[in-house]
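Working notes, structure below.
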2 protein chains.
Amino acid sequence: MTAQSEPGFEPSGLAADATSGDDLRTRLREAGFRLTPQRRLVLQAVVDLGHSTPEEICAQVQRTADGVNASTVYRTLDVLEQIGLVRHTHLGHGAPTYHAADDANHVHLVCEGCGVVIDAPVGVADPLVGTLRDAYAFELDVQHFAIYGTCAECAGGR
Amino acid sequence: MTAQSEPGFEPSGLAADATSGDDLRTRLREAGFRLTPQRRLVLQAVVDLGHSTPEEICAQVQRTADGVNASTVYRTLDVLEQIGLVRHTHLGHGAPTYHAADDANHVHLVCEGCGVVIDAPVGVADPLVGTLRDAYAFELDVQHFAIYGTCAECAGGR
DNA sequence: CTTACTGCAAATATTTTGCATTTGG
DNA sequence: CCAAATGCAAAATATTTGCAGTAAG
């Protein structure tokens, strides 16, 4: 039920910067927001979890620290999304899934069978991007892009 | 906020059959279900509306007849989906969107700006289908496929 | 007749909101 | 200090479930 290609911890230091304090503080202040411990914790949780629902983020944050109220988590995710550090995708079922914006260079392949989320490089969608642009003047948002289907495991007898 | 290519009423008589009673009754009975007026009404609403949320289906059904309870609508959508007459897609925001299975030969292009849903033939996804199959053994479910992006209107200055 | 189906109301689950208190800058 | 952010509890939504009465076959 979790990602195969585990980002987990910052691929190349990008995510680390976001949470180290500096970048986060700057970004927040530019938009008129303040830096609070809760916001740092929530961003850290999003980065660490890779893909996660608000509920999972709540749980993760409770665990890691004094606890952040659920409503604060929701409000914080909004703020972090506004300043572009976090993005969300609808993977289907119920809740939206959040991930660090830095970690967005992939599309999500969601298996309808087992729910696994496979990350594929954005490049796989290039042909489709071209087709849609040409035929419909539709600009595909590859980041916010969830693709449904069946993974090898679930397709093969197993 | 509605589809551009309006299916609305049965493209080639296919959908008509589904609601005319015969096919619906047969399909239901084969799976051990009964034919009820409510089920006919809900299916009719799904066919007529093209894409619709449970809420919209409720509204449509109330209007057309004596009224069907919301919980019955939810239960009926499940049943209709089980017997393959209806399918649902997650278009993002909140509620899932239902449509007649017959009406499924297209992918949904969802504009993040204005929310419009454009129907494109499944063919547009063929290159992607091939790529994913080859590279990930991932079998794309083109039917259950919602694609996010920005439509011409919202992209162009307007 | 028998069993499935429906309506209703209560239960869940999820996200939002109002407000008093706390706190960042 | 002052505005913004938090926590909490209540509200708003959306969907599910238990149950007794109704109806399909």
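Computed from heavy atoms alone, side chains included, the values below leave out hydrogens, waters and symmetry copies. Quick caveat, the model's predicted, so the values are computed rather than measured.
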Give B:R75 one of three labels, base, sugar-phosphate or nothing, depending on what nucleic acid heavy atoms sit under 4.0 Å from its own.
-> base
Rounded to whole Å, please give me the gap between [atom1] in [X] and [atom2] in [N].
X	N	atom1	atom2	value
A:L24	C:dG24	CG	P	14 Å
B:Q38	C:dA4	CD	P	17 Å
A:R40	C:dG24	CZ	C1'	12 Å
B:L41	C:dC5	CG	P	16 Å
B:E30	D:dG25	CD	P	14 Å
B:H88	D:dT15	NE2	C1'	13 Å
A:L77	D:dT6	CG	C1'	15 Å
B:L28	C:dT6	CG	C1'	15 Å

Return no unless some side-chain N or O of [X] is found under 4.0 Å from OP1 or OP2 of [N].
X	N	value
A:N69	D:dT6	no
B:Y74	D:dT16	no
B:T36	C:dT6	yes
A:R25	C:dG24	no
A:S71	C:dT16	no

Using the side-chain heavy atoms of [X], tell me which of these nucleotides is nearest: [options].
X	options	result
B:R34	C:dT6, C:dG24, C:dT3	C:dT3
A:L35	C:dG25, C:dG7, C:dT15	C:dG25
B:F33	C:dC5, D:dG7, C:dG7	C:dC5

First encountered from the 5' end of DNA chain D, between B:P37 and B:D78 | B:D78
Specify whether A:H88 and A:Y98 have parallel, tilted or perpendicular ring planes, treating 30° as the upper limit for parallel and 60° as the lower limit for perpendicular.
-> tilted
Can you label the angle between the B:H106 ring and the B:H51 ring as parallel, tilted or perpendicular, going by 30° and 60°?
-> perpendicular
Cluster link B:V122 to B:I118, ILVMFWY, side chain under 4.5 Å = yes
Do A:Q44 and A:D48 have side-chain N/O donor and acceptor atoms under 3.5 Å apart?
-> yes
Toward the 5' end of DNA chain C, which comes first, B:G32 or B:T72, by nearest nucleotide?
-> B:G32
Only one of B:V42, B:L41, B:L49, B:V68 forms a side-chain contact (heavy atoms from CB on, under 4.5 Å) with B:Q60, so which one is it?
-> B:L49
